[in-house]
Visitor: 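Let me give you the structure first, and then I'll get to my questions.
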Amino acid sequence: MAVVLAIGGLDSSCGAGVLRDAQTIQSLGHLARVAATAVTAQSDAGVMDVHPVSSATLKAQMVPASAVKIGMLCDAQRAQTVVHAMGCHSAPIVLDPVLAASSGAPLLDDQGIETLLTKLLPLVTLVTPNLPELARLAMLCGEHSPELQIQARVLMARGAGAVLIKGGHAQGPSATDYLVMSHGVKTLDGPRFGGARRGTGCTLSSAIACGLAEGRSLPEACVLGKQTVSELFARPTTA
């Protein structure tokens, strides 16, 4: 049983954020610890309010762990606090670059994105962008190619250890992800579920962090993440 630290926003609806992370971590048999960057009021319809947590409180919440998952950073000040804390961590770090909510509401300001690109990426083992996030981050790095692997390698050139391109926004019968590493690319297929599904990225990245905490290789941890998402979201949704 490992300690896995989830850093991100507290979603009042429990659909995403550190509460979803904690559920995932505990379902995989590990000890969840959370550090909230912000308290948010959300529902499936959108984000109603965001209240950033003070840097001092955010720092105080972060504890030693066998792996770390980072989600919503909120703004540059919170992002810088996380950067300083992660510089003291030797554990693997999985970054889910949450730029906006599923409804489209922004969850990281422009200065925060710059901090992510310049200071946080060099610290992370894996970054897990969806297709819109990958395209935006690559463009901000000066890369306008539509090729996904080229976009991913731009983030690796900025220091990320590897990139898992999430294919949920693509078309097709399956949700195919691509793990781009320095030595090659691994394709990860999974079922596509109909309807709006919040929290898939949180579940995936926190499950990958659990796999890394267990000592699995990065590809093995990503397979665990895909399996965890498939098992969770195959269940019927309830009102």
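Keep in mind that the numbers below use all heavy atoms, side chains included, and drop hydrogens, waters and symmetry copies. Bear in mind the structure is a predicted one, so any value in this text is a computation, not a measurement.
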Visitor: What heavy-atom pair brings Ser145 and Ile150 nearest, and what distance separates the two atoms?
Guide: OG-CD1, 3.6 Å
Visitor: Do the side chains of Val47 and Leu99 join up, straight or via other hydrophobic residues, at under 4.5 Å, putting them in one cluster?
Guide: no
Visitor: Would you indicate whether the side-chain heavy atoms of Thr24 and Cys202 approach each other to under 4.5 Å?
Guide: no
Visitor: Measure from the side-chain N and O atoms of Thr125 to the backbone N and O of Ile93, and report whether any donor-acceptor pair falls under 3.5 Å.
Guide: yes
Visitor: Going from CG on Leu131 to CG on Leu148, what distance comes out if it is rounded to the nearest 0.5 angstrom?
Guide: 6.0 Å
Visitor: Tell me whether Lys119 at atom NZ has more than 12 heavy atoms from other residues, nucleotides or ligands lying less than 6.0 Å away.
Guide: no
Visitor: Under 3.5 Å, which donor-acceptor pairs do the side chains of residues 2-14 form with other protein atoms, sequence neighbours left out?
Guide:
unit_1: Asp11; atom_1: OD1; unit_2: Ser13; atom_2: N; d: 2.9
unit_1: Asp11; atom_1: OD1; unit_2: Ser13; atom_2: OG; d: 2.9
unit_1: Asp11; atom_1: OD2; unit_2: Ser13; atom_2: OG; d: 3.1
unit_1: Asp11; atom_1: OD2; unit_2: Gly15; atom_2: N; d: 3.3
unit_1: Asp11; atom_1: OD2; unit_2: Ala16; atom_2: N; d: 3.0
unit_1: Asp11; atom_1: OD2; unit_2: Arg198; atom_2: NH2; d: 2.6
unit_1: Ser12; atom_1: OG; unit_2: Gln42; atom_2: N; d: 3.0
unit_1: Ser12; atom_1: OG; unit_2: Gln42; atom_2: O; d: 3.3
unit_1: Ser13; atom_1: OG; unit_2: Gly15; atom_2: N; d: 3.3
unit_1: Ser13; atom_1: OG; unit_2: Arg198; atom_2: NH1; d: 3.0

Visitor: Within the 4.5 Å heavy-atom criterion, are Asp75 and Gln111 side-chain neighbours or not?
Guide: no
Visitor: Closer than 3.5 angstrom, by distance alone: can the side chain of Thr37 be matched with the main-chain N or O of Met72 as a donor-acceptor pair?
Guide: yes
Visitor: Show the nearest heavy-atom pair for residues Met156 and Val180, with the distance to one decimal.
Guide: SD-O, 3.7 Å
Visitor: Can you tell me how far OG1 of Thr187 sits from CG of Asp177, rounded to the nearest 0.5 angstrom?
Guide: 9.5 Å
Visitor: Do you know the tightest heavy-atom contact between Ala65 and His89?
Guide: N-CE1, 4.1 Å
Visitor: What's the verdict on side-chain contact (heavy atoms from CB on, under 4.5 Å) for Asp110 and Glu114, showing C-alpha distance, side-chain angles and the deciding distance?
Guide: CA-CA 6 Å; Asp110 290 344; Glu114 180 66 17; over 6 Å; no
Visitor: Please check if Leu95 and Leu123 belong to a single hydrophobic cluster, counting links between Ile, Leu, Val, Met, Phe, Trp and Tyr side chain heavy atoms closer than 4.5 Å.
Guide: yes
Visitor: If you compare all heavy atoms of Leu155 against all heavy atoms of Leu121, which two are closest, and at what distance to 0.1 Å?
Guide: O-CD1, 4.0 Å
Visitor: Give the cluster check for Ile70 versus Leu117: same hydrophobic cluster or not, with ILVMFWY residues linked at side-chain heavy-atom distances below 4.5 Å.
Guide: yes
Visitor: How long is the span from the CG atom in Leu120 to the CE atom in Met86, to the nearest 0.5 Å?
Guide: 8.5 Å
Visitor: Would Asp21 and Val34 count as a side-chain contact (heavy atoms from CB on, under 4.5 Å) here? Give the steps.
Guide: CA-CA 8 Å; Asp21 294 330; Val34 301; 5.7 Å; no
Visitor: To the nearest 0.5 Å, tell me how far Lys186 NZ sits from Leu164 CG.
Guide: 11.5 Å
Visitor: Just how far is it from atom CZ of Arg78 to atom CG of Leu108, taken to the nearest 0.5 Å?
Guide: 11.0 Å
Visitor: Out of curiosity, Gln151 CD to Leu137 CG, how far, rounded to the nearest 0.5 Å?
Guide: 9.5 Å
Visitor: Anything under 3.5 Å between a donor and an acceptor, one on a side chain of residues 52-63, the other on a protein residue two or more places apart or in another chain? List them.
Guide:
unit_1: Ser54; atom_1: OG; unit_2: Thr57; atom_2: N; d: 3.1
unit_1: Ser54; atom_1: OG; unit_2: Thr57; atom_2: OG1; d: 2.8
unit_1: Ser55; atom_1: OG; unit_2: Gln77; atom_2: NE2; d: 3.0
unit_1: Ser55; atom_1: OG; unit_2: Thr81; atom_2: OG1; d: 3.2
unit_1: Gln61; atom_1: OE1; unit_2: Ala36; atom_2: N; d: 2.9
unit_1: Gln61; atom_1: NE2; unit_2: Ala36; atom_2: O; d: 3.1
unit_1: Gln61; atom_1: NE2; unit_2: Thr57; atom_2: O; d: 3.3

Visitor: Are the side chain of Arg153 and the backbone N or O of Met181 linked by a donor-acceptor pair below 3.5 Å?
Guide: yes
Visitor: If you define the side chain from C-beta out and look only at heavy atoms, does anything of Arg20 sit under 4.5 Å from Leu232?
Guide: yes
Visitor: For Thr128 and Ser205, which heavy atoms make the closest approach, and how far apart are they?
Guide: OG1-CB, 4.0 Å
Visitor: Are Ile113 and Leu134 connected into the same hydrophobic cluster when the rule is that any two of I, L, V, M, F, W, Y join if their side-chain heavy atoms are below 4.5 Å apart?
Guide: yes
Visitor: Do the non-hydrogen side-chain atoms of Leu140 and Arg136 ever get within less than 4.5 Å of each other?
Guide: yes
Visitor: Say whether Leu188 and Leu224 are linked into one hydrophobic cluster, either directly or through other cluster members, by side-chain heavy-atom distances under 4.5 angstrom.
Guide: no
Visitor: Identify the heavy atoms of Ala79 and Thr115 that sit nearest to each other, and give their distance.
Guide: CB-CG2, 3.8 Å
Visitor: Under the criterion side-chain contact (heavy atoms from CB on, under 4.5 Å), I'd like the reasoning laid out for Leu179 against Leu126: C-alpha separation, chi angles, the key distance, then a yes or no.
Guide: CA-CA 9 Å; Leu179 175 59; Leu126 177 71; 3.8 Å; yes
Visitor: Apply side-chain contact (heavy atoms from CB on, under 4.5 Å) to residues Cys210 and Thr228 and explain how you reach the verdict.
Guide: CA-CA 11 Å; Cys210 288; Thr228 304; over 6 Å; no
